[in-house]
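We number each residue from 1, following the sequence as shown. Counting starts at 1 for both ligands and their atoms, in listed order. Source: prediction; values computed, not measured.
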Amino acid sequence: MRRIYLLGECMVELSQTSGGLLKQSYAGDAYNTAVYLKRMFSEVQVNFFTTVGEDQLSDNMVTSFESEQIGTDLVFRAKDKAPGLYMIDTDDDGERSFTYWRECSAARQAMQFVTAEVVGQLCMGDVFFFSGISLAVIEPNDREIFWLLMRKLKDTGVKIAFDPNYRARMWKDKTEAKIQFERAFRMADLVLPGIEDFTQLYGFDDLSSIKKFCGAHGIDELIIKNGAKSVYCMSEQQVQEIEISPVSGVVDTTSAGDSFNGGYMGARLQGLSIADSVAVGATVAGFVILHPGAIVPNQTFTKFNEQ
Ligand code: ADP
């Protein structure tokens with residue numbers, strides 16, 4: 001059985017419903033990726049690596065991981081901490097804005113739980129996935145623990161997958177983000193950025209500058225998402241730009257990139273080609289954006305999977 005570990009933070013999500021009531025769910029980029037990967041490829045063992053608190057909300061969150069069949073062996077409990085929280089507000093024009101309360105969240109402690117046993121377990125994985133958000137969430141003082149762990153995993157033969165998912169507000173400044181991302185680019189075997197990650201951080205908005213930049217970092221497999229336009233793929237064997245069929249009736253693009261990553265990595269783990277894996281990623285993402293919220297209700301998704 002193929003096995004993947006994903007490091008990240010799952011937060012409590014509050015979103016407004018008609019009538020002013022708040023709906024509560026759970027989301028976060030790496031977690032969203034884990035959910036869609038598992039829903040698409042139930043035969044892959046998907047494990048989430050994070051820290052939650054010892055409170056009831058954390059218990060409920062872990063129960064929801066389990067209900068998605070996501071492995072929780074590496075979900076640790078930090079004393080006196082609670083999960084991060086964010087709220088989605090929608091203005092009169094339908095524009096969404098996000099407010100976060102995550103500065104002291106339990107997930108920031110994850111590296112404190114890295115023991116020899118944890119390293120041993122992660123070494124059993126085929127792939128280890130993290131994002132720029134996973135990186136930003138780690139306490140700055142713990143970052144060296146993370147990079148030592150990455151070195152060990154890479155030397156053991158675990159494939160490292162990285163989505164920069166740049167969020168300016170999570171970093172002290174661009175320089176801090178760039179230093180960490182450079183290390184991630186050099187370490188990663190598979191990189192799954194969106195065009196905007198490069199535009200915001202490096203000022204590149206065309207594929208050729210991005211290709212040149214990534215070429216200098218020795219990335220084996222580079223998959224660049226460009227919204228409804230195309231997906232650019234570069235690997236040792238091939239360079240190809242795959243057109244995306246735009247879907248109509250987009251409701252909410254939250255989690256488009258995350259669900260694409262889940263579909264893509266699941267397909268690659270199951271031995272599909274790059275082009276076929278892009279098709280899986282694009283199909284899942286194209287479905288997810290037709291629904292509100294990061295995680296489409298499981299019942300709705302089951303129907304999609306049966307098609
Ligand atoms: P991110 O969320 O990382 O910014 P993108 O906006 O590039 O990612 O979208 C990720 C994927 O979602 C795209 O590669 C594509 O497969 C799919 N996607 C996004 N927007 C559309 C759309 N309008 N129609 C069809 N697919 C879309």
Notebook entry, point to check: Do the ring centers of F162 and F130 come within less than 6.0 Å of each other?
Noted result: yes
Next item on the list: Give the numbers and elements of all ligand 1 atoms closer than 4.0 Å to a heavy atom of V231.
Entry: 14 (O)
Margin query: Quick check: is L290 connected to V288 through a chain of hydrophobic side chains (ILVMFWY, heavy atoms under 4.5 Å apart)?
Written below: no
Checklist line | Proximity of Y86 and Y100 rings by center, below 6.0 Å | finding: yes
Next item on the list: For F260, counting its heavy atoms only, list the atoms of ligand 1 lying under 4.0 Å from any of them.
Entry: 14 (O), 16 (O)
Notebook entry, point to check: To which protein heavy atom is atom 25 (C) of ligand 1 closest, and what is the distance rounded to 0.1 Å?
Noted result: V247 N, 3.4 Å
Note to self: Any protein heavy-atom neighbour for atom 4 (O) of ligand 1 (distance below 4.0 angstrom)?
What the structure shows: no
Item checked: More than 12 heavy atoms of other groups within 6.0 Å of K152 NZ -> no
Check: More than 12 foreign heavy atoms under 6.0 Å from CD of E196: is that the case here?
Finding: no
Note to self: So for atom NZ, which belongs to K159, do other residues, nucleotides or ligands contribute more than 12 heavy atoms lying within a distance under 6.0 Å?
What the structure shows: no
Note to self: Under 4.0 Å, counting heavy atoms only: does N226 come that close to any atom of ligand 1?
What the structure shows: yes
Notebook entry, point to check: Which heavy atom of the protein is the closest neighbour of atom 12 (O) of ligand 1, given with residue, atom name and distance?
Noted result: A285 CB, 3.3 Å
Check: For the hydrophobic clusters of this structure (ILVMFWY residues joined by side-chain heavy atoms under 4.5 Å, transitively), does one cluster hold both F41 and F48?
Finding: yes
Next item on the list: Return the residue, atom name and 0.1 Å-rounded distance of the protein heavy atom closest to atom 23 (N) of ligand 1.
Entry: A228 CB, 3.4 Å
Item checked: Carboxylate-amine/guanidinium contact R143 E176, below 4.0 Å -> yes
Item checked: Enumerated ligand 1 atoms positioned under 4.0 Å from heavy atoms of K225 -> 7 (O), 14 (O)
Note to self: Looking at E243, I'd like to know if its CD atom is crowded, meaning that more than 12 non-hydrogen atoms belonging to other residues, nucleotides or ligands lie closer than 6.0 Å.
What the structure shows: no
Checklist line | R186 and I219: CA distance, side-chain angles, deciding distance, side chain to side chain contact (heavy atoms under 4.5 Å, CB included) verdict | finding: CA-CA 7 Å; R186 278 200 300 274; I219 298 161; over 6 Å; no
Note to self: Which residue and atom name correspond to the protein heavy atom nearest atom 27 (C) of ligand 1, and how close is it?
What the structure shows: I289 CD1, 3.6 Å
Notebook entry, point to check: Considering only protein heavy atoms, which is closest to atom 2 (O) of ligand 1, and at what distance to one decimal place?
Noted result: G257 N, 3.1 Å
Item checked: Residue selection (non-hydrogen contact nearest atom 13 (C) of ligand 1) among P193, G227, A256 -> G227
Notebook entry, point to check: Which atoms from ligand 1 have a heavy atom of A282 less than 4.0 Å away?
Noted result: 16 (O)
Item checked: Nearest-neighbour protein heavy atom for atom 26 (N) of ligand 1, which is reported as residue plus atom name and distance -> I244 CG2, 3.6 Å
Check: Does S245 come within less than 4.0 angstrom of ligand 1, counting non-hydrogen atoms of the residue?
Finding: yes
Margin query: Taking 4.0 Å as the limit for heavy-atom contacts, which would you say applies to I195 with ligand 1: side chain only, backbone only, both, or neither?
Written below: neither
